[in-house]
Number of protein chains: 2
Amino acid sequence: MTQSDQTFQQLLDAIIKGEIQPGSRLRETELASEFGIGRGPLREALQRLESRKLVTKVPHVGAQVVDFNLPELVEIYQLRENLEGLACELAANNMTDAELDELEVLLQKHQAFVEQSSGAAYIQQDSDLDFHFKIIQCSGNSWLVQLLCDELYHRVRMYRYQSAHQKSRPARAIKEHTQIFEALRARDGELASLLMRRHISAARQNLISVATPIDSGD
Amino acid sequence: MTQSDQTFQQLLDAIIKGEIQPGSRLRETELASEFGIGRGPLREALQRLESRKLVTKVPHVGAQVVDFNLPELVEIYQLRENLEGLACELAANNMTDAELDELEVLLQKHQAFVEQSSGAAYIQQDSDLDFHFKIIQCSGNSWLVQLLCDELYHRVRMYRYQSAHQKSRPARAIKEHTQIFEALRARDGELASLLMRRHISAARQNLISVATPIDSGD
DNA sequence: AATTTATATTTTGTTAACAATATTGATTGA
DNA sequence: TCAATCAATATTGTTAACAAAATATAAATT
């Protein structure tokens with residue numbers, strides 16, 4: 001594994017978990033010596049973060065970690081709604097019985113996390129994303145997989161870590177996941193797609209209502 | 001503008017137009033001296049091409065231009081179908097009257113190209129893509145714009161240049177574009193979306209039938 | 001002759017120094 | 001006191017040399 005790869009992974013993790021704060025300036029020399037590598041590989045790592053939209057770069061000025069931004073997150077959820085709907089349609093036809101079993105395991109694992117209600121919220125939320133990931137990967141469309149898993153989802157995870165206190169709505173999510181799973185098991189792509197779209201749409205609206213201070217009208 | 005930027009643009013153009021053949025090996029030293037630059041900026045350019053999926057890199061081995069691949073193109077059209085459908089929905093609400101006028105101009109320009117039926121096919125096809133681009137940009141969803149314009153479309157254009165002889169179906173395309181435009185003008189997002197999905201779906205099926213040798217059944 | 005082993009060559013990964021640009025801070029003038 | 005100008009500093013862009021890995025070539029063995 002190249003140094004560029006390693007550094008990319010480590011920076012990715014640190015940014016998503018908020019260990020490097022949103023908006024931070026990323027100085028090449030500073031980071032390079034921190035990781036004990038030269039500036040070359042570090043620049044490559046930064047560029048890869050930029051292509052995932054976790055970092056913005058301005059020529060001759062520098063790089064900084066993206067800042068949290070509700071409108072942008074809403075945009076991402078709009079895309080998820082459509083793309084994951086499509087993923088369900090495709091997965092309903094493509095996925096094997098073994099894959100369905102694996103998905104069921106994920107669902108049960110998630111349920112267990114919620115019921116014992118222990119552990120940090122982000123564990124539960126990662127578990128939620130695992131369910132979505134699995135379906136996407138079963139779609140069989142490699143571009144769809146890359147777009148969602150490798151580009152949009154980093155941003156979603158970043159947001160979740162940074163607002164892990166808002167426990168979203170785990171019980172309801174599980175129920176919706178179960179419905180989606182059953183539609184997939186029945187190979188009903190149309191229904192699975194509809195349910196997934198509704199599921200993400202609800203999450204999007206929840207996002208807005210949580211982040212927006214209630215306007216009491218006075 | 002940095003050397004990395006310039007080189008990226010030039011390589012992008014050369015790859016899309018087929019001046020650098022699909023499957024070609026891209027040797028760093030060779031290209032660098034060809035562009036009269038060092039290997040550093042060249043590597044950055046290659047990396048950016050990789051993130052657009054026009055080049056594949058293997059560590060310690062090297063980079064090569066992606067090869068044409070029908071199943072992958074079909075995957076991309078599946079995504080376009082959904083994403084551009086969404087773009088229409090959003091654009092119907094968001095786009096200004098001025099933008100509608102601009103779109104109409106593009107439509108007429110495209111029509112002119114087809115009627116005079118002169119010029120290379122790829123001019124007509126670029127003109128076709130301009131129409132799609134415009135709508136996407138009017139969606140107001142910046143992630144949608146980037147995904148489509150900056151990632152998926154390079155691959156579409158690459159395919160079109162390399163099969164410019166297959167004149168697709170320009171007259172029909174114009175007719176469908178006109179319908180979509182009228183729906184947008186009427187601010188009917190649902191209809192515009194439906195028409196766009198159907199439009200791209202037809203293109204996808206055309207793609208398959210053109211590329212697949214007719215199975216006469218014997 | 002075919003296959004393996006060893007060697008040489010090519011090519012990528014990495015570094016450290018240099019050049020160019022932007023930022024910062026001090027200085028000057030109104 | 002504030003604004004503008006200039007020098008000093010810090011930071012990115014770029015290059016050329018070196019290190020490590022993979023590929024190609026040649027020799028040796030069965």
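Every value quoted in this text rests on a predicted model; they were computed, and no experiment measured them. Throughout, protein chains are lettered first and strands after them, A, B, ... in sequence-line order, and every chain is numbered starting at 1.
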- Side-chain N,O (A/Arg43) to OP1/OP2 (D/dT12) below 4.0 Å: no
- Item | Interatomic distance, A/Gln3 CD vs D/dA21 P [rounded to whole Å] | 11 Å
- Query: If you look at every strand shown and take non-hydrogen atoms under 4.0 Å, does A/Leu42 touch a base, only sugar-phosphate, or nothing?
  - Reply: nothing
- In terms of side-chain geometry, is the basic nitrogen of A/Asp97 or A/Arg187 positioned less than 4.0 Å from the acidic oxygen of its partner? yes
- Message: Given C/dT15, D/dT15, D/dT12, identify the nucleotide with an atom nearest to the side chain of A/Arg25.
- Response: D/dT12
- Sugar-phosphate only, base, or nothing, as touched by B/Gly62 at under 4.0 Å among non-hydrogen atoms: sugar-phosphate
- A/Val61 side chain, from C-beta outward: closest of D/dT12, C/dT12, C/dA22: C/dA22
- Counting heavy atoms from C-beta on, name the nucleotide in D/dG13, D/dT14, C/dG13 closest to the side chain of A/His60. D/dG13
- Have B/Asp130 and B/Ser127 got a donor and an acceptor in their side chains that come within less than 3.5 Å? no
- Message: Check the orientation of A/His110 and A/His177. Use parallel for under 30°, tilted for 30 to 60°, and perpendicular for over 60°.
- Response: tilted
- Length of the line joining B/Leu31:CG and C/dT11:P, which is rounded to integer Å: 12 Å
- Between C/dT14 atom C1' and A/Met1 atom CE, what is the distance in whole Å? 17 Å
- Item | Atom pair distance, as rounded to whole Å: CG in B/Asp5 and C1' in C/dA20 | 15 Å
- Query: Okay, side chain of B/Glu75, backbone of A/Ser142: is any donor-acceptor separation there less than 3.5 Å?
  - Reply: yes
- Could you pick out which residue, B/Arg39 or A/Leu26, lies toward the 5' side of DNA chain D when each is mapped onto its nearest nucleotide? A/Leu26
- Message: Whole angstroms only, please: what is the CZ-P distance between B/Phe35 and D/dT15?
- Response: 13 Å
- When rounded to whole Å, the CD to P distance for the pair A/Glu44 and D/dG13 reads 14 Å
- Interatomic distance where CD belongs to A/Gln6 and P belongs to C/dG13 [whole Å]: 14 Å
- Message: Rounded to whole Å, please give me the gap between CD in B/Glu28 and C1' in D/dA21.
- Response: 13 Å
- Message: Taking the minimum atom-to-atom distance to the side chain of A/Pro59, which one of D/dG13, C/dT14, C/dA22 wins?
- Response: D/dG13
- Note on the structure: Checking D/dT11, C/dT12, D/dG13 against the side chain of A/Arg27 (C-beta onward), the nearest is D/dT11
- Query: Just checking, is any N or O donor in the side chain of B/Gln47 or B/Lys57 under 3.5 Å from an acceptor N or O on the other one?
  - Reply: no
